[in-house]
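Quantities reported herein were computed from a predicted structural model and do not represent experimental measurements. Whatever order the structure lists them in is the order used to number ligands and atoms, beginning at 1.
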Amino acid sequence: MLNGSEVSKGIGIGIAKVISSPESGVMSNDEFTAAISGMKPGAVLVTSFLTPYMVGVLKDYSIAGLVCETGGMASHSALAAKSMGIPTVYDVYGATEEIHDGDTVIVDGIGGYVYERPDPDIVAVYSDKRKKYLADLEDLKSYRNLKTVMADGTEAVIMCNASDILSVMHAIDEGGEGIGLFRTENLLSGEGRIPDEEEQTRVYSRIASAMKGKEVIVRTLDIGGDKSIPFLELEKEDNPFLGYRGVRYSLGHRDVFTTQLRAILRASAGGNLSIMIPMVTCVEEMRNIKSLIHEIKTDLRDEGFDFNDDIKVGATIETPSAAIIADMLAHECDFFSIGTNDLVQYVMSADRGNSRVAYLQSVTQPSILRMIKQTIDAARSAGIDISICGEAASDPEVIPIIAGFGCRKFSVNPRSVSEVRRTLSEWTTADAEKLASDILKIPVDQEIKEYLHKIYKDRKS
Ligand code: PEP
Ligand code: MG
């Protein structure tokens, strides 16, 4: 049995297709596509590394499971794998050596285990687990079109994270109550060039009209870090996650940024759109952006375009600086959305894509929990909207803590909507608040995890 990080839930059983790294250590997209051609439906892909692009290619193959030796559970490639709903385990050291082509493999995306050539009794145990998991998925379907209400009647909202029209449709099918994070990196890079203002306006308008008046938060381009757009030819950086990323790139490339902001504003004439700025670290950035938006509005007005003059402009709270000055930033923002994927990376100083430091990438680290609470408190005292859009928002053991801190808006992968809704329906506000305050007293991540795990198990039994 091999251990790793659970990325996408479910139990997959299939025959292994193993792809090892080439000697150069780096596999190009074309080499990857060639390596998996001919892979049979129902296979379990075992590979040394995956980029978000490579995960996208896998959509054309009905694989039963995915095992990756590296990655980090909050990397963008892991998030892409999660959105496909295939049982997936990352950070499985030695998988491409231990597992051989043609082996039977079990992928336990719930516990983060991979079994190579399992004994028949393990196969029997996992066939049973798989049946239970599928039965639970059936049960969850009944939550799809319900309102989100906690056990004491407190209302909450489950929105979805999306990155293209298809995922927006998926969000609607799964009962999402809005789009709490529309990532625009795919949209802006898909055609091998930045789409012009008319093209972007059409896409944002389409998403807004598909959501029929429900809120859609469009995040402006968050290039950099582990997300590159090759045709933009960004300079190579030694520390890309600490470099020219998100709002920093946008403020340095007014042409690209203005085109995107004009398109979002124009689309806001016919839909409930908001603008969210990624990687904010200081008040100056928000002030610069607000004055740019003010200028753009004046131009649009002069040119005779309609737009929503009251469009909300907010920040992703995903850097330690933003969380620490959340009370100050709240004066400059109409809303906050907490991006725990990056917040964990930056607060713990642990690259979200580096498996060696995966043990530090935990949202239940006391420092992270304090920052989440502080951000929620700052937003509530300033009377601005607060939501959470990082992966932690869909973790059933963490959701009650976030609710206990006072956050009522969650934005999650469309596949997680029903589970988050069910989890919230099982907690009263008072119980969630008690849990949140108890958890804040525990100084060790592992102890917090064990405590949460026990509570989760006791409540389920
Ligand atoms: C985050 O950082 O938590 C987030 C939601 O954004 P992304 O994963 O795209 O960086
Ligand atoms: Mg982020």
Side-chain angles (χ1 to χ4, degrees), residues 7-8 51-52 55-56 71-83 90 158-164 167 171 176 178-189 216-229 240-250 274-281 285 314-323 326 335-354 361-365 368-369 371-372 375-376 386-395 398-399 402 407 409-414 416 420:
V7 161
S8 179
T51 62
V55 174
M73 63 199 293
S75 64
H76 283 94
S77 119
L79 301 191
K82 187 171 178 183
S83 73
Y90 267 41
I158 317 291
M159 303 167 87
C160 288
N161 297 347
S163 53
D164 51 24
S167 49
I179 302 295
L181 164 63
F182 185 79
R183 293 182 167 101
T184 54
E185 295 75 44
N186 284 356
L187 169 69
L188 266 58
S189 65
V216 175
I217 300 179
V218 181
R219 181 180 73 185
T220 57
L221 184 61
D222 187 18
I223 189 179
D226 64 345
K227 291 174 284 192
S228 75
I229 299 184
F241 276 114
L242 300 181
Y244 205 42
R245 200 194 150 180
V247 65
R248 303 167 183 190
Y249 175 89
S250 294
S274 305
I275 298 171
M276 178 155 76
I277 311 297
M279 272 296 285
V280 170
T281 51
E285 286 163 343
T316 322
I317 302 298
E318 56 186 344
T319 65
S321 175
F335 65 91
F336 286 160
S337 183
I338 305 175
T340 50
N341 307 336
D342 276 311
L343 189 62
V344 170
Q345 149 166 275
Y346 291 121
V347 172
M348 297 307 296
S349 308
D351 180 340
R352 64 195 267 185
N354 184 340
Q361 291 151 6
S362 166
V363 76
T364 47
Q365 281 286 352
I368 309 288
L369 292 173
M371 283 207 176
I372 294 176
T375 304
I376 295 171
I386 174 79
S387 60
I388 178 159
C389 63
E391 286 308 294
S394 58
D395 182 335
V398 175
I399 290 163
I402 295 164
C407 180
K409 255 184 168 181
F410 297 73
S411 188
V412 300
N413 183 307
S416 303
V420 179

Here the pair of heavy atoms bringing Q361 nearest to N354 is NE2-O, 3.5 Å
L79 heavy atoms within 4.0 Å reach ligand 1 at atoms 8 (O)
Closest non-hydrogen contact found for F335 with I275 is CZ-O, 3.3 Å
Per side chain to side chain contact (heavy atoms under 4.5 Å, CB included), L188 is matched among L221, I223, T220 by L221
Checking heavy atoms under 4.0 Å, the part of H76 that sits near ligand 1 is side chain
- Task: Evaluate the side-chain proximity of V420 to I399: yes if any heavy-atom separation is below 4.5 Å, no if none is.
- Result: yes
What one should report as the nearest heavy-atom pair of R245 and G225 is CG-N, 3.7 Å
The answer for which part of T340 has a heavy atom under 4.0 Å from ligand 1 is backbone
Between I179 and the options C160, S274, C389, S411, the side chain to side chain contact (heavy atoms under 4.5 Å, CB included) test singles out C160
The atoms of ligand 1 lying under 4.0 Å from a heavy atom of D342, numbered in the order shown, are 1 (C), 2 (O), 3 (O), 10 (O)
No-hydrogen, no-angle side-chain donor-acceptor test under 3.5 Å, Y90 and S75: no
Under 4.0 Å from one or more heavy atoms of L181, ligand 1 contributes atoms 5 (C)
Under the criterion side-chain hydrogen bond (donor to acceptor under 3.5 Å, both in side chains), I'd like the reasoning laid out for S362 against T364: C-alpha separation, chi angles, the key distance, then a yes or no. CA-CA 5 Å; S362 166; T364 47; 3.0 Å; yes
Sorted by chain and number, protein N/O/S atoms nearer to the Mg ion (ligand 2) than 2.8 Å are E318 OE1, D342 OD2
Here the atoms of ligand 1 under 4.0 Å from any heavy atom belonging to R245 are 10 (O)
re atom 6 (O) of ligand 1, the protein heavy-atom contact at minimum distance is R219 NH1, 3.0 Å
- prompt: Would you say the side chains of S416 and N413 form a donor-acceptor pair under 3.5 Å?
  reply: no
- Message: Using the rule given for side-chain hydrogen bond (donor to acceptor under 3.5 Å, both in side chains), can you reason through K409 versus S337, listing the C-alpha separation, both sets of side-chain angles and the distance that settles it, and then say yes or no?
- Response: CA-CA 9 Å; K409 255 184 168 181; S337 183; over 6 Å; no
Heavy atoms of R183 and N161 approach each other most closely as NH1-CB, 4.1 Å
So for N161 against ligand 1, with non-hydrogen atoms under 4.0 Å, the contacting part is neither
Tightest non-hydrogen contact, residues Y346 and P320, listed as CB-CD, 3.4 Å
Nearest heavy atom to atom 3 (O) of ligand 1, choosing from I338, T316, N341, I388, belongs to N341
Out of P278, G246, C389, the nearest non-hydrogen contact to atom 5 (C) of ligand 1 is supplied by C389
Short version for R352: what comes under 4.0 Å of ligand 1, heavy atoms counted, is side chain
R352/D342 salt bridge by N-O under 4.0 Å criterion:
yes
If we number the atoms of ligand 1 from 1 as shown, the ones under 4.0 Å from a heavy atom of E318 are 1 (C), 2 (O)
shortest atom 9 (O) of ligand 1-to-protein heavy-atom contact is with R183 NE, 2.7 Å
M279 near ligand 1 by a heavy-atom separation under 4.0 Å: no
Scanning both residues in full, the closest heavy-atom pair of A315 with V280 reads CB-CG2, 3.9 Å
Honestly, for Q345 the part within reach of ligand 1 (heavy atoms, under 4.0 Å) is neither
task = Determine, using heavy atoms of E185 and all atoms of ligand 1, whether some pair is separated by less than 4.0 Å.
result = no
